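First listed ligand is number 1; within each ligand, the first listed atom is number 1. Nothing here was measured: the structure is a model prediction, and the numbers come from that model.
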Amino acid sequence: MSSTLPNTSFLSISKSEKYTIVHQQLLGLLNGETDPIANLGNAMAVLKQVFSWWWVGLYRVDGEELCLGPFQGPVACTRIAYGRGVCGSAWKQAQTLIVPNVHEFPGHIACSAESQSEIVVPIFKNEQVIAVLDVDSEHLDQFDAEDARELELFCASLVPYL
Ligand code: SME
């Protein structure tokens, strides 16, 4: 298993190059390890380390709520109801939501005052949403269709551990 990230300044490379590194690293981390906590924790760490986003984490479906899972960043809300906030809305709509300015999203749940933009990616198993990946940035308008596509791909690899 290759768990060491290359000694690169991630500031100087393009977003698509960052995703290439992220996918390679995830593959290396998951290879030969089956423990869900180890794998999900490291998966969140890879995203945080390569992109330096403000907050990166998983919420898992638990009945009518999402419950906080492995994450990297400041303390966050533990439970989010179905249809509430960006996370609960992405779950309800069963689609990736990109929010360029969280202050303009009705019902946005501010776990941190620093968060300015957000992307939430639902994760499916047998066509049901079983979790969401939530990424927050302290800058406005940080996420686009490339992030949606790449993070959906990233999330698909996490299904066996959720
Ligand atoms: N902002 C999210 C809540 C989770 S925190 O950002 C980590 C939402 O509106 O669902």
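Side-chain atoms of E17 and S14 form a donor-acceptor pair, as typed in the model, at a separation below 3.5 Å. For the residue pair E146 and S16, no side-chain donor N or O sits within less than 3.5 Å of a side-chain acceptor on the partner. Side-chain polar atoms of S112 and W54 form a donor-acceptor pair below 3.5 angstrom.
Comparing V120, D134, V75 by heavy-atom distance to atom 7 (C) of ligand 1, the nearest is D134. Of the candidates T78, D136, V132, I109, I109 brings a heavy atom nearest to atom 9 (O) of ligand 1.
Proximity of the aromatic rings of F143 and F51 is defined here by a centroid distance below 6.0 angstrom, and this criterion is not met.
Every atom of ligand 1 with a heavy atom of W55 under 4.0 Å away is listed here by number and element: 7 (C). Which parts of ligand 1 touch H108 is read off a 4.0 Å heavy-atom cut-off, strictly below it: atoms 1 (N), 9 (O). The G85 neighbourhood of ligand 1 comprises atoms 9 (O), 10 (O), with distances under 4.0 Å to a heavy atom of that residue.
Given atom 5 (S) of ligand 1, the protein heavy atom at minimum distance is C111 SG, 3.0 Å. Distance from atom 10 (O) of ligand 1 to its nearest protein heavy atom, with residue and atom name: C87 N, 2.8 Å. When only non-hydrogen protein atoms are considered, atom 2 (C) of ligand 1 lies nearest to E118 OE2, 3.1 Å.
Classification of the H23-F154 ring pair by plane angle, with boundaries at 30° and 60°, yields tilted. The aromatic rings of H108 and H103 lie perpendicular to each other, with more than 60° between the two planes, well past the 30° mark.
A 4.5 Å side-chain heavy-atom check between R60 and V132 finds every atom pair outside the cut-off. Two residues are said to be in side-chain contact when any heavy atoms from C-beta on lie closer than 4.5 Å; L151 and I119 meet this criterion.
Residue contacts with ligand 1 for I80 involve side-chain atoms from C-beta outward but no N, CA, C or O (heavy atoms, distance under 4.0 Å).
At a 4.0 Å cut-off, at least one heavy atom of Y59 sits close enough to ligand 1 to count as contact.
Residue contacts with ligand 1: V86 is placed with a nitrogen or oxygen under 3.5 Å of a nitrogen or oxygen of the ligand (distance criterion only).
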